[in-house]
Amino acid sequence: MPYLSRPPSHLTRLSVPNFRFLLLFFLTVAVAVQFTACAAPEKQTVDATELTVVDGLGRSVSLATSPERVVSIAPGATHVVRAAGGLERLVAVTTADYQVEDLAHLPRISALPLDLEAIVGFNPDLILASDQVNDPAHAEMFEALDIPIIYLGSDSWSDVHDSILETGHVLGTRESAQSAADSLEAMRLQLISITEGQEVLPTGIFLVSHITSYSFGQGSYVLDLMEWAGIEPLTRSFETPAPILDDEWVLLNNPDFILGTFGESGSKESLLANHPTWRSLDAIRSDRLVDVPASLILTPGPENIRAAWQMAMAVHPALFDSSLTAQKLESERNSQSIP
Amino acid sequence: MVLGLLILAILPVMGVGMAFGSVSLPFVFTLKTLFSGITGGLPVETDRLAEIVLQIRLPRTLAAFTVGAGLSIIGVAMQALVRNPLAEPYVLGISGGASAGASLFYMGLIPTFIAARIDMPVAAFLGALTAITLVYVVARSGGRLSVSRLLLAGVALAAFMAAISAFVTLASPDANKTRAVLFWLMGSFNGVTWSELPIAVSVTLLGGLTLFALARPLDALLSGEESASSLGVQVESLKKLLIVLSALVTGVLVSISGAIGFVGLIIPHSVRSIMGISHRWVLPGSFVAGGLFMVLADTLSQWALPGQQLPVGIVTAMCGVPFFLMLLRRTDYQFK
């Protein structure tokens with residue numbers, strides 16, 4: 001097989017100069033790339049100093065430019081982005097986000113466990129997380145991938161307020177964010193002014209579900225919402241923020257109102273099916289059950305104020321002029337783009 | 001002597017279970033209410049505190065005793081059946097099957113025409129029945145029941161059923177249902193009503209009496225199938241009966257209390273270490289000791305977090321296991 005033992009002569013002749021040329025070419029490219037690589041961080045550093053924020057975990061986060069591709073990895077963070085007027089920047093939200101109209105077009109990523117690969121696959125220039133929900137350890141991983149991540153504070157109403165302003169600052173929608181934050185605070189103060197001054201507050205418990213009686217204890221934002229709504233939360237006595245109420249305790253304390261995110265399946269009958277001894281409670285006998293949409297209350301965020309209004313209107317109907325209140329809520333909703 | 005002491009302890013322990021609950025009630029009031037309730041002298045509906053005693057604590061305490069007693073005697077039966085000290089009521093995948101049944105029901109993954117006719121406890125029972133049937137089919141070979149196959153199939157099916165429960169729970173979009181299933185999987189007597197007791201008590205008594213009647217064959221079975229057979233024991237029939245009884249009692253009890261582990265393991269061994277290995281004593285001893293243990297564990301679970309529910313499965317493990325390990329340190333303990 002001569003063609004294998006000796007290569008064709010024209011190939012042998014051409015190969016030597018081609019090899020030298022290629023070697024020279026690659027060396028030139030390598031040097032050029034090296035120079036470029038050295039120069040690139042310098043440019044990033046210059047941009048990065050333009051925007052630096054301290055997030056809910058106390059981390060200092062620098063952003064090169066105003067982000068255009070934002071991934072929210074917590075429903076609370078999505079609510080804050082909406083309130084700050086930056087909804088069009090979102091490229092993905094989590095499967096835990098509620099199915100509302102303005103998020104319907106967005107792809108969803110797994111929230112539990114967090115689908116890290118999918119997040120990176122969206123090529124985000126900012127990830128927004130919640131300091132209450134998301135794992136702080138993820139920050140290091142995303143930093144290593146050069147993707148900035150901001151953990152928004154949501155421990156209290158003032159945290160939510162600050163998060164809206166901070167998000168507006170980061171997304172370049174300061175005016176919208178300021179307007180929304182001011183408007184929400186005005187709604188809160190107005191609600192408190194309506195419900196305060198009553199001699200005796202009605203008592204209540206808030207249940208996350210009509211099946212297992214998960215509730216909220218000390219340190220929970222839901223107790224704040226109930227107080228603004230003019231309701232005395234009986235579960236304030238629990239030191240844990242998420243107690244599971246015992247039937248005996250509920251019977252003994254006999255709340256005036258049972259509030260909860262009961263949803264479509266959460267009728268009085270289904271509540272009694274799971275807690276038959278509650279039949280003698282005043283709240284059950286008098287049909288004082290208040291259903292609050294889960295999307296408004298189960299995630300700490302700007303929507304919570306609407307939940308507080310709904311609870312107050314259900315518990316203190318005499319304090320509200322229904323037509324005026326509806327108009328007020330509608331106008332607030334439009335001004336803040338709250339669904 | 002020991003059995004007598006255990007029986008004597010029933011009343012005081014039940015009294016403790018009735019006296020201490022999630023809320024603090026005067027003991028005298030509890031006693032008076034009990035007496036009035038039994039004699040029919042108290043209009044329960046009008047007195048909320050009396051309702052706590054008669055409609056919550058009393059059925060709850062009785063349910064705890066029943067479940068503890070039932071799971072313990074089935075633990076004895078399972079250990080004799082497979083001649084393995086590691087056996088417990090859940091070893092044959094019964095608990096896993098019940099959990100999978102409950103999970104599928106909660107998540108709405110059971111066909112509608114079935115789901116509309118059952119509730120969660122029935123779904124749990126059907127899950128347990130499915131699991132034990134599969135294990136039985138796999139373990140049966142040539143008309144005989146292989147104990148080693150029974151154990152291996154049980155362990156494998158338990159893992160499979162646990163995977164089903166984990167998958168449907170994790171994949172569920174309904175957080176409320178996920179929470180409910182996770183809580184149920186840890187076991188609780190909160191919300192047990194009078195209507196749930198008759199079946200549970202009947203099945204447990206049936207199981208207890210049947211097993212007590214089989215005390216001698218069970219003793220023989222511990223020495224090996226051939227030895228038992230030579231002593232005139234119908235080994236294959238006995239094994240089948242034990243499996244059916246185990247599925248029935250465990251399935252019914254799990255359906256009212258959720259999955260409570262360790263009781264069926266630690267109580268029989270604890271009783272054996274004190275009363276010896278004869279089933280004539282181990283069975284009644286385990287029945288009473290299991291019931292007492294569960295009542296105390298449930299009382300502790302209510303006392304530990306006042307006003308809140310602490311799954312009793314956590315207490316049985318945290319309190320029972322150290323005690324059990326201490327017993328095992330005794331050098332004279334023997335299983336067979």
Side-chain angles (χ1 to χ4, degrees), chain A residues 75 94-99 108 110-113 205 207-215 217 234-254 260-266 270-282 284-285 294-295 298-299, chain B residues 20-25 43-60 102 105-106 108 119-120 169-186 188-196 258 298 301-311:
Chain A
T94 70
T95 49
D97 278 87
Y98 293 98
Q99 297 286 352
R108 305 219 165 208
S110 166
L112 187 69
I205 57 171
L207 300 177
V208 177
S209 152
H210 62 279
I211 309 170
T212 308
S213 45
Y214 286 91
S215 187
L234 289 170
T235 50
R236 195 203 302 275
S237 59
F238 292 111
E239 291 180 4
T240 172
I244 305 171
L245 304 183
D246 189 271
D247 284 359
E248 281 190 16
W249 183 90
V250 176
L251 267 185
L252 188 74
N253 285 278
N254 190 25
T261 49
F262 304 128
E264 292 174 2
S265 56
S270 60
L271 193 64
L272 284 175
N274 291 283
H275 308 278
T277 52
W278 290 9
R279 199 173 299 279
S280 65
L281 292 176
D282 291 345
I284 297 286
R285 285 181 166 179
S295 60
L298 289 191
T299 302
Chain B
F20 297 98
S22 182
V23 298
S24 177
L25 296 177
V44 174
E45 289 76 10
T46 60
D47 192 324
R48 189 158 291 112
L49 294 182
E51 194 173 16
I52 288 176
V53 173
L54 295 175
Q55 301 299 325
I56 294 182
R57 283 195 193 171
L58 189 53
R60 180 178 183 141
F105 178 80
Y106 260 134
D119 56 8
M120 194 276 287
T169 307
L170 193 69
S172 166
D174 190 333
N176 286 338
K177 291 178 177 175
T178 302
R179 289 188 198 100
V181 169
L182 289 176
F183 192 81
W184 184 87
L185 291 177
M186 291 187 280
S188 173
F189 295 104
N190 186 61
V192 171
T193 57
W194 282 108
S195 63
E196 292 172 276
D298 184 46
S301 77
Q302 295 175 79
W303 173 82
L305 292 175
Q308 302 178 54
Q309 296 179 47
L310 177 67

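Basis for what follows: all heavy atoms, side chains included, without hydrogens, waters or symmetry-related copies. In what follows, chains are A, B, ... by sequence order, proteins preceding strands, each numbered from 1.
In this structure, Q308(B) has no side-chain hydrogen bond (donor to acceptor under 3.5 Å, both in side chains) partners at least two apart in sequence or on a different chain.
Contact annotation for N254(A): only side-chain heavy atoms (C-beta onward) come within less than 4.5 Å of a heavy atom of chain B. The contact between P276(A) and chain B is made entirely by side chain atoms (from C-beta outward), counting heavy-atom distances below 4.5 Å. In this structure, the portions of T277(A) lying under 4.5 Å from any heavy atom of chain B include both its backbone and its side chain.
Distance check, rounded to the nearest 0.5 Å: OG1 of T212(A) to CD of Q309(B) gives 7.5 Å. Separation of atoms CG (L305(B)) and CD1 (I244(A)) is listed at 9.0 Å; rounding is to 0.5 Å. From D246(A), atom CG reaches atom OG of S301(B) across 8.0 Å, with rounding to the nearest 0.5 Å. Atom CH2 of residue W278(A) and atom CD1 of residue I56(B) lie 9.5 Å apart, to the nearest 0.5 angstrom.
Contact annotation for residues 234-242 of chain A against chain B (heavy-atom separation below 4.5 Å, listed by residue number): F238(A), T240(A).
Summarising the local packing, CH2 of W303(B) is surrounded by 12 or fewer heavy atoms from other residues, nucleotides or ligands at distances under 6.0 Å.
With respect to chain B, the highest number of heavy-atom pairs below 4.5 Å among V250(A), D247(A), L281(A) belongs to D247(A).
Judged by distance alone, with hydrogens and angles left aside, the side-chain atoms of E248(A) form a donor-acceptor pair with the main-chain N or O of V23(B) at under 3.5 Å.
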